[in-house]
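Note sheet for the following structure.
None of the values given here were measured: they were computed from a predicted structure. Chain naming here is simple, since letters A, B, ... match the order of the sequence lines and numbering starts at 1 in each. Hydrogens, waters and symmetry mates play no part in the numbers below; they use all other heavy atoms, side chains included.
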There are 2 protein chains.
Amino acid sequence: MNTEASTITHRQFKDSVYEQLARVGKAMAAPKRIELLDLLCQAPRTVETLAELSGISVANASQHLKVLREARLVTAEKQGLYVEYRVADAQVGLYFHALRTVAETRLVELERITRQHLERHGAPEPVCGEELLRRVRAREVTVLDVRPLEEYRAGHIPGAISVPLPELAKRLAKLPKNREIVAYCRGPYCIWAVEAVELLRKKGFRAQRMEFGVLDWRARGYRVETQKETQA
Amino acid sequence: MNTEASTITHRQFKDSVYEQLARVGKAMAAPKRIELLDLLCQAPRTVETLAELSGISVANASQHLKVLREARLVTAEKQGLYVEYRVADAQVGLYFHALRTVAETRLVELERITRQHLERHGAPEPVCGEELLRRVRAREVTVLDVRPLEEYRAGHIPGAISVPLPELAKRLAKLPKNREIVAYCRGPYCIWAVEAVELLRKKGFRAQRMEFGVLDWRARGYRVETQKETQA
DNA sequence: TCAGTGTTCAATGAACCACTTGAATACTCG
DNA sequence: CGAGTATTCAAGTGGTTCATTGAACACTGA
């Protein structure tokens with residue numbers, strides 16, 4: 001079975017397998033493409049929106065999206081005047097999450113950068129994530145999703161209330177004063193929840209930031225709620 | 001809070017975060033690097049071994065390993081005359097597994113290539129993975145790890161017996177005739193288990209191939225056994 | 001049908017990357 | 001210490017990728 005010939009075809013087989021795996025790997029080799037995928041993990045979006053959110057030209061975004069499409073990580077569908085991109089399936093989100101997790105555990109630089117940035121924004125003390133997660137799951141606290149509405153619609157933590165950050169100020173009155181509030185946003189690198197907590201505390205609420213996003217939630221195998229528009 | 005200035009530093013922050021994430025992403029952008037990481041997920045190895053197993057020059061392997069090291073995915077340690085590389089921590093294995101899973105679910109080509117190759121090696125019918133997994137977990141079957149001994153030592157499915165494929169023939173007598181046998185190897189792209197099953201069946205054993213490897217096992221959150229040398 | 005808009009394509013140049021070769025380190029072990 | 005070996009480094013080459021620009025395409029809505 002280990003003749004010269006079979007060894008060669010063996011190598012060819014391996015080479016083509018790893019070549020395929022590299023198609024997916026290459027898709028995540030450019031910072032901007034990772035950012036686009038991150039955005040798409042929050043909600044489906046058009047090319048123009050993605051370009052604006054990630055700070056690149058539309059043509060460039062389109063090109064990056066083409067690469068992601070060819071790696072089958074995202075799909076595109078024409079919706080009226082716009083082309084709407086979305087992640088191809090749930091596995092893609094988990095893949096991105098795995099990448100992020102490795103980077104977080106292995107790259108000290110990443111933690112340094114994040115901590116600096118949070119401190120500059122007067123971030124509250126880092127919280128014990130897992131314990132908070134437990135209380136959120138047990139519904140012991142009021143959970144606020146401070147991302148834009150469309151991201152909430154595309155998927156949110158069950159029981160969470162959508163209060164986009166810009167609207168938080170005018171909707172304070174409708175929030176419960178006596179119950180503890182937990183705010184979350186896109187994830188550990190998003191400061192919206194930090195700002196939300198800052199405002200809430202200033203107004204006398206008991207509030208905490210959860211640094212997990214919907215992706216972290218899903219990666220733990222918990223259910224995600226979609227579409228429903230629970231509002232305060 | 002959304003002044004021009006704060007928006008700019010915001011962009012800078014995001015850019016540096018995604019740049020860090022891309023460090024990890026780039027590490028998996030070359031087929032050969034993925035292959036090296038795959039090999040390292042099975043067991044720690046020296047540069048020379050890795051070069052030989054992946055069919056590249058030592059200098060080239062060393063260079064790829066440097067990239068993996070700079071992305072902090074692997075660590076190197078001098079052991080006697082050789083430098084031994086190993087995956088930096090368990091998360092890295094899960095990251096590679098996530099990449100592989102996405103590629104498997106999304107890339108039809110990968111499945112086609114694999115099926116062709118297995119058929120050429122007279123692979124038995126594809127098995128129902130999850131049901132087999134249950135029976136392995138319940139220890140209803142005799143489990144054979146047909147990889148080289150050092151990979152078995154680095155981590156194997158609990159209860160599995162190490163019978164490296166080349167030694168299978170001479171150790172047939174020591175295997176139970178009446179109990180069903182399940183063989184596994186490095187994973188879905190490795191044909192050792194296929195060949196083992198072929199031989200076993202020819203000799204009158206009831207045998208099946210499990211296409212999961214240790215990585216798939218771990219990704220499901222199951223315990224992995226190390227070091228111990230259970231032998232038939 | 002035709003203007004207008006969103007998206008993609010094609011071509012360019014600069015930067016980067018994979019692999020080779022040959023030399024230089026850094027060890028170990030006699 | 002000095003020979004021998006494993007590994008890494010440095011330089012060069014051909015190929016690939018990224019961002020930009022301007023044009024082309026596809027589709028909508030009047």
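Under a cut-off of 6.0 angstrom, the local environment of CD in A:Glu52 is sparse, with at most 12 non-hydrogen atoms contributed by other residues, nucleotides or ligands.
Ranking D:dC18, D:dT7, D:dC27 by closeness to the A:Arg33 side chain, first place goes to D:dC18. The listed nucleotides are C:dT8, D:dC27, C:dG6; the one nearest the side chain of A:Tyr82 is C:dG6. You'll find that the side chain of A:Arg69 is closest to C:dT8, out of C:dT5, C:dT8, D:dT8. Of the listed nucleotides (C:dT7, D:dT5, D:dT17), D:dT17 has the atom at the smallest distance from the side chain of A:Lys26. With distances taken from any side-chain atom of A:His64 to the nucleotides D:dC18, C:dC19, C:dT7, the minimum falls on D:dC18.
With 3.5 Å as the limit, one finds no donor-acceptor pair spanning the side chains of A:Tyr189 and A:Asp38.
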* Apply side-chain hydrogen bond (donor to acceptor under 3.5 Å, both in side chains) to B:Arg147 and B:Gln42, showing your working. => CA-CA 9 Å; B:Arg147 299 174 302 160; B:Gln42 302 293 328; 2.7 Å; yes
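Spacing between atom CG of B:Leu50 and atom P of D:dA6 amounts to 15 Å, rounded to whole angstrom units. Rounded to a whole Å, the CD atom of A:Glu52 is 12 Å from the P atom of C:dT7. When rounded to the nearest whole Å, the span between CD of B:Gln79 and P of D:dT7 equals 12 Å. To the nearest angstrom, P of D:dT28 lies 8 Å from CG of A:Leu81. Rounding to whole angstrom units, NZ of residue B:Lys32 and P of C:dT20 are separated by 10 Å. In this structure, B:Glu19 atom CD and C:dA15 atom P are separated by 16 Å, rounded to whole Å. Here the P atom of nucleotide C:dC16 and the CD atom of B:Glu70 are 14 Å apart, to the nearest Å. Atom NZ of B:Lys66 and atom P of C:dA18 are 12 Å apart (whole Å).
When the salt bridge (Lys or Arg N to Asp or Glu O under 4.0 Å) test is applied to A:Glu84, the partners found at least two apart in sequence or on another chain are A:Arg86. Scanning for salt bridge (Lys or Arg N to Asp or Glu O under 4.0 Å) contacts around B:Glu19 gives an empty result, with sequence neighbours left out.
Across all their heavy atoms, A:Ala27 and A:Val67 have their closest contact at CA-CG1, 4.4 Å.
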Show the distances under 3.5 angstrom between N or O atoms of the protein and N or O atoms of nucleotides 20-22 of chain D.
| unit_1 | atom_1 | unit_2 | atom_2 | d |
| --- | --- | --- | --- | --- |
| D:dT20 | O4 | A:Gln63 | NE2 | 3.4 |

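Across B:Tyr184, B:Trp192, B:Tyr152, a single residue satisfies side chain to side chain donor-acceptor pair (under 3.5 Å) together with B:Asp145, and that is B:Tyr184.
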